[in-house]
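These values consider heavy atoms only, across backbone and side chains, with no hydrogens, waters or symmetry-generated copies. Numbered from 1 within each chain, the chains take letters A, B, ... in sequence-line order.
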Amino acid sequence: MKCDIILAGVGGQGILSIAATIGLAAVEKNLFLKQSEVHGMSQRGGDVQSHFRLSDREIHSDLIPYGKADLIISVEPMEVLRYLPWLSPEGGLVTNSVPYVNIPDYPDKDEILKEVRKVHNSFIIDADSIAKELGSSRSGNMVILGAASSYIALPFESLENAVRKLFGRKGEEVVELNLKALRAGRDAAPR
Amino acid sequence: MQSFLLLGDEAIAQAALDAGMSGMYAYPGTPSTEIMEFIQSSAQAAEGNVHREWSSNEKTAMEAALGMSYAGKRAMVAMKHVGLNVAADAFINSSVTGVNGGLVVVAADDPSMHSSQNEQDSRFYGKFAMVPQFEPRNQQEAYDMIFDAFELSEKYHLPVLFRITTRLAHSRAAVKRRKPVRQNDQSLPSNPRQFVLLPAIARKQYKALTALFETMPSEPLISRWNRLSRGGDRSLGILTCGIAYNYLLENLGDNADRYTVLSVAAYPLDRGLVSELVSNCEKVLVLEEGYPFIEEQLRGLLDRDVRVLGRLDGTVPRDGELNPSIVAAALGMKTAMGKEVPMLVKQRPPSFCKGCGHADLFSALSEVMKEIGPGRVFSDIGCYTLGALPPYNMVNSCVDMGASVTMAVGAADAGLFPAVAVIGDSTFTHSGMTGLLDAVIKDSPVTLLISDNSTTGMTGGQKSQATDRIESICLGLGVSREHLRVIVPLKKNHEENMNVIREELAHHGISVILARRECIQTATKNKKAEAAIKTNNRE
């Protein structure tokens, strides 16, 4: 078993908490993992990505080769397109539909979504609205992770446990909101 | 023992604590920052009373670490690759003084310049200083090698260079820990003149250093990390350095034993191993992250004894970091690219945060500079360098820490008036103060804007040595009270700030404008922390 995931977004959107959740879940299942992150200059509103590799065998490279990613998870619709060269022909993608506009020449949203839909196995979700309905506008990233959960070779319960561990310090209320977001994402996605 | 999910940086930090380090010294710099941050947040470090304060710059960090080593304790100093330029004077001489307590110098290189202005390869510094070097292949080795690095350092009384690159620094994997070792007791060097580099002493110690360095390749603590594995296919041999080995294994998969491979992770390299590799194959592919450091040595000046493939003949790109796809191409293997990036995808460069004080300062400055003319703003290393990008297009230089001040001075010497320097608070205390002294002594017609956000912002908000000290530093260096102006970079102060800038630009002498407003990121963080404390108190 191997599962190579690219996490994409804009600096400050919280892709690292998605990564941390999958990471904790993988540790619980005793899997090998490597997770390469971006720190530094790009975190100031630039494009950021994390290569996340899960396997039941030892993983060598911290980076995923081109054309080998099983999944792209993106919290921003244009950003998902930036990493298509990494996606394998059988791979899938899950992305938020809500653009993060911090550049003057941001393309038309519909044109972006048209490009996303050209990928055979793609799922677009309005994570911001779902999170807002749940009363936790900052949990959009957990909605997206939930929507992507069926593609990730980990039991859903392990992701839930990971959320409990990751947000436990912030209190029961925050844990519950994030769990709700995770489940809402899963329920919104096709099985 | 339990395993932990650690960044390469964190593995190094945890190892140093477990290896009995008594003092950690550093100045923040991507990709090295998390080493100190890990130690600052470690309960183990607090219990062991490990020194863990940031230093003003990499040179003061290196020297303080050398001082701790003098007093017999284990010390580590960490910096980004260009930080080693700043620390170089102390670093190069520390190999001639040698050490007492173990001293490990971590240099984190940034090939592909993710967050840097060049991609210099620190291994040249190790060779230059004639010290042993480690270059771990993965997070576990990063952890394990730190123990060897300290042991080696104390065995030969030499500092050790520990070289990593961005990918290892910022990638997480499981790491198994060892039982912690007790810290050293304080002790003085047995030779009281060891650290006195007067020429007569230095000559003697330098001669001894050159002789010692010759023996290093066969030292087991180094050679055990360099592994030759023989393969059946003689058409190609492969030499990898550090993490390049992972990209090779990624591509060879189940055929890992096809070629003869020399996997290097410690230097200086044993000639015997290289010769064995060369005699087992027709040509050698060299895969190394960074400059063609080993490749150049292998080719030699005449480049005719061994057929070498690598960065110098185009088999591997001359610059930039490696990745599995580049290595596949170098091996002549097919790579399958996914779909191309659609044309509509735009670049998304980093930008000022919403509500950033630097942005408000640049708004005022750019409007004033429109009245004066282009090409006069020298800047520095930090978030405010983003003032070079639209809509401001305001920054004409970004070279090295502190260069804004001194380049403005030099340009003023050439007659450019007004010359403007923009520097951040932490960069100012890192390397800007001495330049300001030059300007004060000559009363250079330079306007220095210190954009003080009271933190080291670009690297994530570390404590700035400048906080609450900038006025007294400037006055102490001799800036006149009349030309030390303080403004608050906020939109509502825009007109007023423009007037202050105008007035000081018109002054034919040195003036300093201190634009002070807390970084919006740290301000938010601090507010949250305060709110949390209040809630806790109520409960």
Closest heavy-atom contact between [X] and [Y]?
X: A:H60; Y: B:N246; answer: O-CB, 3.3 Å
X: B:P342; Y: A:L84; answer: CD-CD1, 3.9 Å
X: A:Y106; Y: B:R348; answer: CE1-NH2, 3.6 Å
X: A:E111; Y: B:L344; answer: O-CD2, 3.7 Å

- Message: Tell me which of these, B:S351, B:S116, B:A174, B:A173, has more heavy-atom pairs under 4.5 Å with chain A than the rest.
- Response: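 Heavy-atom pair counts peak at B:S351.
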Less than 4.5 Å to any heavy atom of chain B: does that hold for the side chain of [X], its backbone, both, or neither?
X: A:I64; answer: backbone
X: A:L63; answer: both
X: A:E58; answer: neither

Could you check if a side-chain atom of [X] sits within less than 4.5 angstrom of a side-chain atom of [Y], using non-hydrogen atoms only?
X: B:M343; Y: A:E115; value: no
X: A:S61; Y: B:L249; value: no
X: A:P85; Y: B:V341; value: yes

- Which residue pairs pass the salt bridge (Lys or Arg N to Asp or Glu O under 4.0 Å) test when at least one of the two sits in residues 153-176 of chain A, sequence neighbours left out?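 Every pair satisfying salt bridge (Lys or Arg N to Asp or Glu O under 4.0 Å) with a residue in residues 153-176 of chain A: A:E160-A:R183.
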- Query: Once you round to the nearest 0.5 Å, how far does OG of A:S50 lie from NE2 of B:H170?
  - Reply: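 If I round to the nearest 0.5 Å, the distance is 12.0 Å.
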- Would you check if there is a donor-acceptor pair between the side chains of B:Q139 and A:D62 at a distance under 3.5 Å?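 Yes, because at least one side-chain N or O of A:D62 sits under 3.5 Å from a partner of the opposite role on B:Q139.
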- B:K346/A:D108 salt bridge by N-O under 4.0 Å criterion: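 A salt bridge is absent here (no side-chain N lies under 4.0 Å from a carboxylate O).
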- Who in residues 18-36 of chain A is close to chain B, using a strict under-4.5 Å heavy-atom cut-off?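 If one takes a 4.5 Å heavy-atom cut-off, the residues of residues 18-36 of chain A near chain B are A:G23, A:V27, A:L33, A:K34, A:Q35, A:S36.
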